[in-house]
Asks: 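Here's a structure for you.
Chain letters run A, B, ... following the sequence lines, proteins first, then strands; residues in each count from 1. From a predicted model like this one, the values you see are computed outputs, not experimental measurements.
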Amino acid sequence: MDRTAVARVLDQIASYLELKGENPFRVRAFHAASKAVAGLAAEPADALADGSLAATKGVGQGTIAIVEELVRVGRSELLEQLREDVPAGLVEMLGISGLGVSRIRTIHEKLGIESLTELETAAREGKLAALPGFGAKTAENVLKGIAFLRRAQEFRLSHHALEEAELLRAALERLPGVDRALVAGEVRRRCEVVRELVLVLVADVPAADVFRSLALVPGVEEVAGADERRVTLRTPGGMSARIVVTPPVNLGAVFVQATGSEAHLAQLSDHAVEKGFSLNAVALWHGSEFVPTPDEAALYRALGLREVPPELREGTGEVTRAASGPFPRLLEPADLTGFLHCHSSYSDGAVGIEEMAVACREAGYAYMGLTDHSKAAAYAGGLSVDDLHRQWAEIDAVNARLSGIVVLKGIESDILADGSLDYDDATLAGFDFVIASIHSRFAMTEDEMTARVLRAMESPYLTILGHPTGRLLLSRQAYPLDLDRVFAKAAQAKIAIEINADPHRLDLDWRVLRRARDRGVMISIGSDAHNRAGIGNMAFGVGIARKGGLTREDILNCRPANEFLTFARARRPR
DNA sequence: GCCGTTTTCGGCCCGACTGTTTTCAGTCG
Ligand SMILES: [Zn+2]
């Protein structure tokens, strides 16, 4: 069992215990343990063996026993027991914003409801609003919540999808007759959420032979009948995976089509027809003449096009673009010199400053912009002014000790409801740079929210606007915000806007990046790391930047530390 | 359940909003 699966079990245990009315601190402990496991640097079995699991904050004897059990037998006795005691539908209801344990218990006891479907019916029929403590607004929000949850259940977050895809790819590549297995589809296009996995198998044997050996792949089941070149599977993690087999000579045609998107393929097909070609499901043809496409470049070349980077294949003009010359070199992970937006154990992070800095250095960064939560974020252990002075002293000490990495004094300051930051200017002046973001009071109109953000951008100490739309992918909608006005202000005031690289956020959305860049907005990629594993977030941020067509010139933290600091200082009063 | 320690128990994250009440419980970040 991998980190994700173990973390999920621990989360589930927490939810079931919560619904059973268990000690809330025990519930919280399981949630914390889940986060800790998800943030491990190694897989659970290895972390158990080398003692790093036991050394992790938030993991004690109880968690270790469960992880051992999960690694050994793949299931948890405690969770199985809880499943018998509490209907699974009630746990699903916890995912609805506005429903907590106490309301769910009322719903269960008074209406006998055990599933989302029943809850939906009750809300429609007015039975929910009639419950004590409930009303019309609550019922309406519950219906909205159910709709959101249903849609969310069709997708997976990109990091989970990538993990599943990679495991499946490795397993498929070991099958007899398979030369190579390649991940295609939304994962390859670096989409922010993923509906299904698509993999291409290169094989010189008939597909039927390959499919017969699928039974060798552990935990995978076939869900849709195979034809002569395709089959649909269900992965151990519950994702749908489409597998396409091709001989090497047609890999280009098949890989392009397996990668998509629909919109890209439609435009590509139109272009092909114009040039006298046709692209069917398995190969490229010029009239009645077969055209070999051993790789994607061969396919695009035959059509008179430059090879389109997979991230850009979204039908947003890239085919026309590919006819007119080479694409710019998109951002690459190694272009990043600065590791920005990370938390330490001073607020809600799991590791200390020095450990994080050393890990950043190992990952190849030249500077680390530490940004713990600010004092308004009490729930996340936000720093008081006293805490700040302690932290700054420690940063100075760490910088004196370490070579090869510089720790910068930053903060993720809350933007309060009125648009002010939650430290006074004298305190803000003590930071090397300031990220400001919204963590509360989301229920505002677009005008109010825009005014709030614009007011925050008046602060001469603000360097970067953090996770600008506040979305949590598949769990919370973005708050309304007039991005065009925010971009205009950012360009004029020389404030960078963040791509938050946490796979739960990926905010800014890639669809608006080009607009921001073309208006002269500097973009910054922030990891939002809360532990060492969070260093890996940056790869997802890079994927989103590439998807938005950005290059290293567009990104603030591709610049060396001194230029980064110059950027931050340029706005400040002298 | 985890943590820390005056080491085996006692405390753990709290302030503010929201929708529902008619003075506040429940939820959220
Ligand atoms: Zn944040």
Asks: Please state the C1' separation for the pair B:dC17 and B:dC12 - nearest whole angstrom.
Replies: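 B:dC17 and B:dC12 have their C1' atoms separated by 24 Å.
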Asks: For atom P, what is the distance between B:dA16 and B:dT8, given to the nearest Å?
Replies: 37 Å
Asks: Quick check on A:Arg3: does its CZ atom have over 12 non-hydrogen neighbours (other residues, nucleotides or ligands) under 6.0 Å away?
Replies: yes
Asks: Determine the interplanar angle of the A:His467 and A:His439 rings, folded into 0 to 90°, and report it as parallel if under 30°, tilted if 30 to 60°, perpendicular if over 60°.
Replies: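 A:His467 vs A:His439 ring planes: perpendicular.
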Asks: Without decimals, in angstroms, what is the distance between A:Asp372 CG and B:dG29 C1'?
Replies: 17 Å
Asks: For A:Thr56, which contact category applies under a 4.0 Å heavy-atom criterion: base, sugar-phosphate, or nothing?
Replies: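 A:Thr56: backbone/sugar contact only, no base atoms under 4.0 Å.
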Asks: Quote, to the nearest angstrom, the C1' distance that separates B:dG15 from B:dC9.
Replies: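 Those two atoms are separated by 29 Å.
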Asks: With nearest nucleotides of DNA chain B determined for A:Leu78 and A:Gly135 from heavy-atom distances, which residue corresponds to the more 5′ nucleotide?
Replies: A:Leu78
Asks: Could you state the atom-to-atom distance from CZ of A:Phe134 to P of B:dT21 in whole Å?
Replies: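 Answer to the nearest Å: 11 Å.
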Asks: Here's a test of your reading of the structure: between A:Ala136 and A:Arg441, which maps to the more 5' nucleotide of DNA chain B?
Replies: A:Arg441
Asks: OP1 or OP2 of B:dC2 versus the side-chain N and O atoms of A:Thr63: is any pair under 4.0 Å?
Replies: yes
Asks: Using the ring of A:Phe442 (Phe, Tyr or Trp, six-membered ring only), decide whether A:Arg476 places NZ or CZ under 6.0 Å from its centre and within 45 degrees of its axis.
Replies: yes
Asks: P atom, B:dG11 versus B:dT5: distance in rounded Å?
Replies: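 The answer is 16 Å between these two P atoms.
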Asks: Figure out the NZ/P separation between A:Lys137 and B:dA25, and round it to whole Å.
Replies: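 Interatomic distance, NZ of A:Lys137 to P of B:dA25: 21 Å.
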Asks: Give A:Phe30 one of three labels, base, sugar-phosphate or nothing, depending on what nucleic acid heavy atoms sit under 4.0 Å from its own.
Replies: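 Since only primed, P, OP1 and OP2 atoms lie under 4.0 Å of A:Phe30, the category is sugar-phosphate.
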Asks: Is the shortest distance from a Lys or Arg side-chain nitrogen in A:Glu448 or A:Arg441 to a carboxylate oxygen in the other one below 4.0 Å?
Replies: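 Salt bridge absent between A:Glu448 and A:Arg441.
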Asks: Going by the angle between their ring planes, with limits at 30° and 60°, are A:His343 and A:His530 parallel, tilted or perpendicular?
Replies: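 Parallel: the ring planes of A:His343 and A:His530 meet at under 30°.
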Asks: Counting side-chain heavy atoms from CB outward, which of B:dC13, B:dC3, B:dG29 is closest to A:Arg28?
Replies: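 Among the listed nucleotides, the one closest to the side chain of A:Arg28 is B:dC13.
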Asks: As a test of reading the structure: which of B:dT18, B:dG1, B:dG26 is closest to the side chain of A:Asn23, going by heavy atoms?
Replies: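 Nearest to the side-chain atoms of A:Asn23, counting from C-beta on, is B:dG1.
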Asks: If I take atom CD1 from residue A:Ile464 and atom CD1 from residue A:Ile523, how far apart are they, to the nearest 0.5 angstrom?
Replies: 10.5 Å
Asks: Please state the C1' separation for the pair B:dC13 and B:dT21 - nearest whole angstrom.
Replies: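 The answer is 27 Å between these two C1' atoms.
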Asks: Considering every strand and a 4.0 Å limit on heavy-atom distances, what is the contact class for A:Arg105: base, sugar-phosphate, or nothing?
Replies: nothing
Asks: Give the rounded distance in Å between these two atoms: NE2 of A:His439 and P of B:dA16.
Replies: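 Spelled out: NE2 on A:His439 to P on B:dA16 is 17 Å.
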Asks: Rounded off to whole Å, could you give me the CE-to-P distance for the A:Met93 and B:dG26 pair?
Replies: 18 Å
Asks: Counting side-chain heavy atoms from CB outward, which of B:dC12, B:dG19, B:dG26 is closest to A:Asn141?
Replies: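 For A:Asn141, the side-chain atoms sit closest to B:dG19.
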Asks: Looking only at side-chain atoms of A:Thr138, point me to the closest of B:dG19, B:dT27, B:dC12.
Replies: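 Of the candidates, B:dG19 comes closest.
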Asks: Using a heavy-atom cut-off of 4.0 Å across all strands, would you classify A:Arg26 as base, sugar-phosphate, or nothing?
Replies: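 It contacts base atoms.
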Asks: Whole angstrom is fine here: how far is it from CG in A:Leu99 over to C1' in B:dC28?
Replies: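 In whole Å, B:dC28 C1' and A:Leu99 CG are 13 Å from each other.
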Asks: Sort out for me which residue in A:Lys547, A:Arg511, A:Arg505 forms a salt bridge (charged side-chain N to carboxylate O under 4.0 Å, His left out) with A:Glu192.
Replies: A:Arg511
Asks: Would you indicate what A:Val27 reaches in the nucleic acid, counting non-hydrogen atoms under 4.0 angstrom: base, sugar-phosphate, or nothing?
Replies: nothing
Asks: Using whole Å, report how far CG of A:Leu383 lies from C1' of B:dC13.
Replies: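 After rounding, the gap between these two atoms is 15 Å.
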Asks: Applying a 3.5 Å limit to both distances, which nucleotide forms a Watson-Crick or G-U wobble pair with B:dT8?
Replies: none
Asks: OP1 or OP2 of B:dC28 versus the side-chain N and O atoms of A:Ser97: is any pair under 4.0 Å?
Replies: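 Yes.
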Asks: Could you give the distance separating B:dT7 and B:dG1 at their P atoms, to the nearest angstrom?
Replies: 24 Å
Asks: Over how many whole Å does the gap from A:Ile96 atom CD1 to B:dC28 atom P extend?
Replies: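 That distance rounds to 10 Å.
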